[in-house]
Amino acid sequence: MAGKLQEVVNKLKLAFPALLLLSAACRRESQVDPRIASEIANIQAIDNHAHPVRPTSAGEAPDTEFDALPVDNLEAQSDPARVRSGAPEVIEAHQALGMKARPPTEVLDKLGIGIMVANRVAMGSGLPPERFLWVPYADALMYPLLNDAMIHNPDQKAFFALEEKLLKRYYSESGIAARPATLDEYLTKVVQGTLERHKQGGAIAEKFEMAYLRPLDISNPTKSQAEAAWSGRGDYKALQDYIFRFIATECGRLGMAVHFHSNAGSGSYFNIAGVNPMLLEPLLDDPSLRRTNFVFLHGGWPYTRELTALLTKPNAYLDFSNQDLYMYPAALAQIIREWLEFVPEKVLFATDAYPYSKDLGWEESGYIAVKTGREALGIALTGMLRDGEISPGRASEIARMVMRDNARRLYRVKQQ
Ligand SMILES: [Zn+2]
């Protein structure tokens, strides 16, 4: 009898391949507790990291300030399968968002994002401050000398040219015409001046894309070592490290966090070994930097387990932006669950919405990341609930913490 039934089912499946797909979809859905899924879907999120593009009017040049190092300058890499043109996720994003260009606030409404933390060189019209918080870039300040010796591939050639251009802008905004004679003068007039201007402009953090330029091993040089390099007689890396520590200390004083790009990045030359967050452990352990909060953007992939351990340091935070674009929900859920089982109050939701290409704009990449991130969080919390690690009440609380409340506390956000 059972054999007969199986035969009928098999025949049906042959006749209706769609049934197979449907049953696979049902299995996937059941991984998330329906109550948790609906709670997560209804939270107006704070997106900890993204690159919204500013709309420009006819005749105005297109926006290029969504990144200090735009990726269209990189040599092509082998893109992850999920974001290739024609991938089901990309097609779904286009269908959901439609063809017409929407104002950025409307995109946020569509994605269920209350506030987006915009990592941009500058803000501007179309990105209102009640919906978009600003995180500018501080890398350029670390490279005030000739950078030729640091360039080892075509991508870095493009990056350093962009950083040198941005440093020129910081000089001119600081009212300084040429490189000052002393390091002290550079630190107070250009570095401190720029950070204070950013803070006054509404910045909640400074972003470092350091791993695109050099490894993250930041030492603790003396001032005289840094000054020797400033006057052309010493080690340039010592000067960079000294300036970084100055910036990190100032960020703590000004109440701004320090954001690190912390995963394997874009481009075919990205130094994956150099982005290992363990390289930053001495900084996290430095008593003089304990007033500064460090946020590991993109959750350190592939070093996600290293970050689980680092998350126990009082001033370490992370988000899972970009992983929710490149990874499928089940795989991301495993990573998120490990973090939530350790330090749930320092795990932040984020998208890294970015204008990757004509086919994958910041709206589409944001859509995929929001959907994947919400689903992965749902799978992680459902697993913890079913394994008896947390109560239903605690699952709701952690959902709100990750989607919104942790970021609200970290940046002292009053809105929402
Ligand atoms: Zn980013």
Side-chain angles (χ1 to χ4, degrees), residues 45-54 63-74 77 79-80 82-83 104 107-108 111 113 115-123 127 132-140 155 158-159 162-163 166 198 203-213 216 256-267 270-272 274-275 277 280 294-304 307 317-327 332 347-357 360-370 372-373 407 410-411:
I46 296 182
D47 179 350
N48 184 62
H49 175 74
H51 305 265
V53 176
R54 195 170 70 75
D63 175 38
T64 56
E65 294 186 320
F66 54 82
D67 190 0
L69 305 175
V71 289
D72 54 359
N73 288 293
L74 306 189
Q77 67 181 118
D79 283 329
R82 218 175 172 232
V83 294
V107 176
L108 296 200
L111 302 184
I113 294 172
I115 292 176
M116 178 174 265
V117 176
N119 185 199
R120 293 178 46 91
V121 174
M123 299 300 274
L127 301 171
F132 294 90
L133 299 176
W134 185 34
V135 175
Y137 294 85
D139 294 281
D155 290 356
F159 291 153
L162 288 162
E163 295 296 3
L166 185 56
H198 287 172
I204 57 164
E206 288 287 343
K207 160 84 178 293
F208 285 90
E209 302 186 289
M210 195 185 298
Y212 282 98
L213 305 160
L216 301 185
M256 295 196 285
V258 168
H259 281 191
F260 265 105
H261 172 99
S262 81
N263 70 338
S266 304
F270 188 88
N271 176 5
I272 301 168
V275 77
L280 292 169
F294 295 92
V295 186
F296 293 89
L297 309 179
H298 326 314
W301 188 86
Y303 306 102
T304 57
L307 268 195
Y317 291 74
L318 61 79
D319 75 31
F320 48 83
S321 60
N322 199 257
Q323 287 192 47
D324 43 20
L325 179 65
Y326 290 156
M327 295 176 75
L332 177 57
V347 177
L348 311 171
F349 163 81
T351 62
D352 202 13
Y354 189 98
Y356 288 95
S357 64
L360 192 64
W362 74 275
E363 302 94 333
E364 287 83 22
S365 55
Y367 176 89
I368 296 171
V370 161
T372 307
L410 172 60
Y411 305 117

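For ligands, and for the atoms within them, numbers begin at 1 and follow the listed sequence.
- Centred on the Zn ion (ligand 1), the NE2 atom of His49 and the OD1 atom of Asp352 lie at an angle of 90°, reported to 10°.
- With 2.8 Å as the limit, His298 does not count as an N, O or S neighbour of the Zn ion (ligand 1).
- Classification of the Tyr354-Tyr356 ring pair by plane angle, with boundaries at 30° and 60°, yields tilted.
- Between Trp362 and Pro104 there is a side-chain heavy-atom pair separated by less than 4.5 Å.
- None of the N, O or S atoms belonging to His261 lies under 2.8 Å away from the Zn ion (ligand 1).
- If you take OH on Tyr137 and CG on Leu166, they are separated by 9.5 Å, rounding to the nearest 0.5 Å.
- Neither side chain, His259 nor His261, offers a donor N or O lying under 3.5 Å from an acceptor on the other.
- Remark: Phe159 CZ to Asp155 CG distance equals 5.0 Å, nearest 0.5 Å.
- Shortest distance from the Zn ion (ligand 1) to His51 is reached at NE2 (N/O/S atoms only).
- With a cut-off of 2.8 Å, the Zn ion (ligand 1) has no N, O or S atom of Asp67 in range.
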